[in-house]
Structure formats: C-alpha cells, structure tokens
Protein chains: 2
Amino acid sequence: MRLQKATRCALYAILELASDPKRQLSANEIAEKYDISTNHLAKVLRSLGREGLVEAVRGAGGGYRFSGNAKRTTLLDVIRLFETVETVSAGEREPGDETAEGLALTQVTMEIEAIERATFNSITLDTMLKLVGRYRK
Amino acid sequence: MRLQKATRCALYAILELASDPKRQLSANEIAEKYDISTNHLAKVLRSLGREGLVEAVRGAGGGYRFSGNAKRTTLLDVIRLFETVETVSAGEREPGDETAEGLALTQVTMEIEAIERATFNSITLDTMLKLVGRYRK
DNA sequence: TGTAAATAGGTAACTCAGTACCGAATTGCC
DNA sequence: GGCAATTCGGTACTGAGTTACCTATTTACA
C-alpha cells in the first residue's frame, strides 16, 4: 500500500478543505501546513478541481474551497485519480500469465486488490475527518 | 498489489520446483516455460538459494531443486525477499506525516498492509500448488 | 496592476528490468 | 589425466520508464 506522494498530497488537501467547506485556502497555505511543494500541490489541486471535488477561485485573494459531498466521497474516489487501482483489468498481460501458476497468482493478487478497494471505498471523507480529529487534540 | 516482475519470477520458479522436489531443473528450463529472461531468473534464483529455499547444483547437468518445506513456507516468505513489505516501520518519514491528517492516513494504509501480509502469509506453497492444479487441466 | 490559479513543458533523480561478463564448479568425453 | 562443455555465482552496467518537482507563460480577478 505504497501511495504516491501526489496521492497523499491530494488527500491532505481535500481533508483540509473538507474540514470546513466555507473556508478558502490558497495552494501555498496548504502546502506550508503539510510541508510539501506548492507547485506539486497545485497540479494535484487542478485534478481535484476537474473532478469537481474542489472549486478554484482565481486572481488575488483566490484559493480553493471544498465543493464535494464529504459523506458521499470516499478515499477511493480521490485515490483513483492518482493511482492505478485496477492492475489486471487494465489489460496488462505479463509473460507467464497464461500458465496455471500465473493464473493462480493473479487470482490471489486480484483478491487482495479487491480488499484494498473495498476498504478505501468504505471510508468517506466525513469518517476520515472524525478519525483525524482523534489525532488532533 | 502490483508485484515486481522479479517477485513473479521467483514465485513461478519456486512453485515449479516445489511441485516435484525430486526434479532438478536448470534456470533455462524454467525461464523457457514461463517465457521470462534467463538472466533475470538466474538472479532471482540466487536469492532463493541464499535463503535456503532452493538448492543449486553446479556444473553440466546441474540446476535447482526445491529444498524448503512447502507446508511451512508461505507466499509472504518469498515475496519479502523481493518486495518492501513494511513501508512505515522501515523508518520512512514523509512530509506531513506528523500532522493529524498524516497520522490518520498512515493508520489506514497500515491496516491495509496488515491485511495484505496476513493474506500472503496464510497461503503456503502447498496450498498454492493445489490452487495451481485447479487451473491446469 | 499585483496576486494567484491554469496550463504547458521540461528535467533531475530514482527504480526496475534486463544484459554482459567473468569466475568457479562439475560433468563427460577423448 | 586433460580438456571442452555446461551451469551456477556474483558484480557491474545500461536503458527505459516513472516520479517528483520546477519554470515559464497565460489567464482571471480584485
């Protein structure tokens, strides 16, 4: 479960924004809080914007605001945007895939992948924020 | 659950060898069956040899033989040799890790990792071979 | 007109896959 | 016994692809 940095950035940003949908933050403010590259984060935020999860306000005093549904959006919804979640169905064939051993192995990894997806999909931003709260204090 | 090619190679090889511990196969024979690079496979087999999972016989007519315990060795035992299985404990700190959001996220991914490990650890080579058998025929 | 996001392009670092090569051990043939 | 062929052992290296991140330019807003 090695998430890409971009994915972590995205999750940080969206959790931060979703924690108070009225608040508007610039990419810089978010980047500073989590000690990540502003440029990199900006790219990530654009992806989130395209999906309608955040809303961007351009110009002076601009920034980003959460514009999704925290109770409906799951971690998987966010992770999907940056990570290849389905290895196999993606038409990726490897040598040895058609041997009995290859098929058996693929079955096992597919089952694990399914669990991963199910887990991430069971956690909404809302429940995640509650978990975050427990670490705050 | 994207396994490296080396890991897949290793699993193919060890399953092949474990399926009949009396049989001795050269790296070349195994590589051909699974359509993978002999060089690459050789490298992998050396790692397995160092762990005592296979036994190498040098010289003409040499090759590899399974020398482990198929009922005791799990997929995790093999995967571990080629894959970083524990991201967090490996002392990997990322920016934003100490924020409440970072901690919460780490907890979730760690739980998924634990499931992965548990799954791979629950499958011995022996049970895997039975699964392989179902794909044969 | 300054600030900040949108967009595009590009690069440095790293990882992974695979190759090349040489040495050591073993076998079998002459 | 001597020698060639075979196969493993180990190191070093190369090339492709990915990841992370920066730079520069454009667009929009106050």
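Note on naming: letters A, B, ... go to the chains in the order of the sequence lines (proteins, then strands), and numbering restarts at 1 for each one. These values consider heavy atoms only, across backbone and side chains, with no hydrogens, waters or symmetry-generated copies.
Among the heavy atoms of the strands, none lies under 4.0 Å from Gly49(A). In this structure, Gly59(A) reaches the bases: a heavy-atom distance under 4.0 Å links it to at least one base atom across the strands shown. Within 4.0 Å (heavy atoms only), Ala42(B) reaches no atom of the nucleic acid at all.
In this entry the distance linking OH of Tyr34(A) with P of dC21(D) reads 17 Å, nearest Å. If you take CG of Leu25(B) and P of dT6(D), they are 18 Å apart, rounded to a whole angstrom. The distance between atom CZ of Arg65(B) and atom P of dT26(C), rounded to the nearest whole Å, is 13 Å. In this structure, Glu55(B) atom CD and dT7(D) atom P are separated by 18 Å, rounded to whole Å. Rounded to a whole Å, the NZ atom of Lys43(B) is 10 Å from the C1' atom of dG10(D). Look at CG on Asn28(B): it is 8 Å from P on dC8(D), rounded to the nearest Å. Note: CZ (Phe82(A)) to P (dT18(D)) measures 18 Å, nearest angstrom. Across the protein-nucleic acid pair, His40(B) atom NE2 and dA20(C) atom C1' stand 14 Å apart, rounded to whole Å.
Taking 4.0 Å as the cut-off between side-chain N and carboxylate O, Arg8(B) and Asp97(A) count as a salt-bridged pair. By the 4.0 Å N-to-carboxylate-O rule, Glu113(B) lies close enough to Arg117(B) to be salt-bridged with it.
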Could you walk me through whether Arg2(B) and Glu83(A) satisfy the salt bridge (Lys or Arg N to Asp or Glu O under 4.0 Å) test, starting with their C-alpha distance in whole Å, then the side-chain angles of each, then the deciding distance to 0.1 Å, before giving a yes or no? CA-CA 11 Å; Arg2(B) 174 129 213 83; Glu83(A) 216 92 18; over 6 Å; no

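Nearest-nucleotide mapping onto DNA chain C: of Ala56(A) and Ala60(A), the residue sitting toward the 5' end is Ala60(A). Looking at which nucleotide of DNA chain C each of Arg46(A) and Leu3(B) is closest to, the 5′-most match is held by Arg46(A).
Under the ring-ring contact (aromatic ring centres under 6.0 Å, His included) criterion, no residue pair touches residues 94-137 of chain B, with sequence neighbours excluded.
Contact annotation: Ser37(A) side-chain N/O to dC22(D) OP1/OP2 distance is under 4.0 Å.
In this structure, the nucleotide among dG18(C), dA25(C), dA5(C) sitting nearest to the side chain of Arg58(B) is dA25(C). Closest contact between the side chain of Asn39(B) and the listed nucleotides dA17(C), dA5(C), dA20(C) involves dA20(C). For Lys5(B), whose side chain is taken as the heavy atoms from C-beta onward, the closest listed nucleotide among dA25(C), dG10(D), dG18(C) is dG18(C).
The CD1 atom of Ile30(A) sits 4.0 Å away from atom CG of Leu17(A), with the distance rounded to the nearest 0.5 Å.
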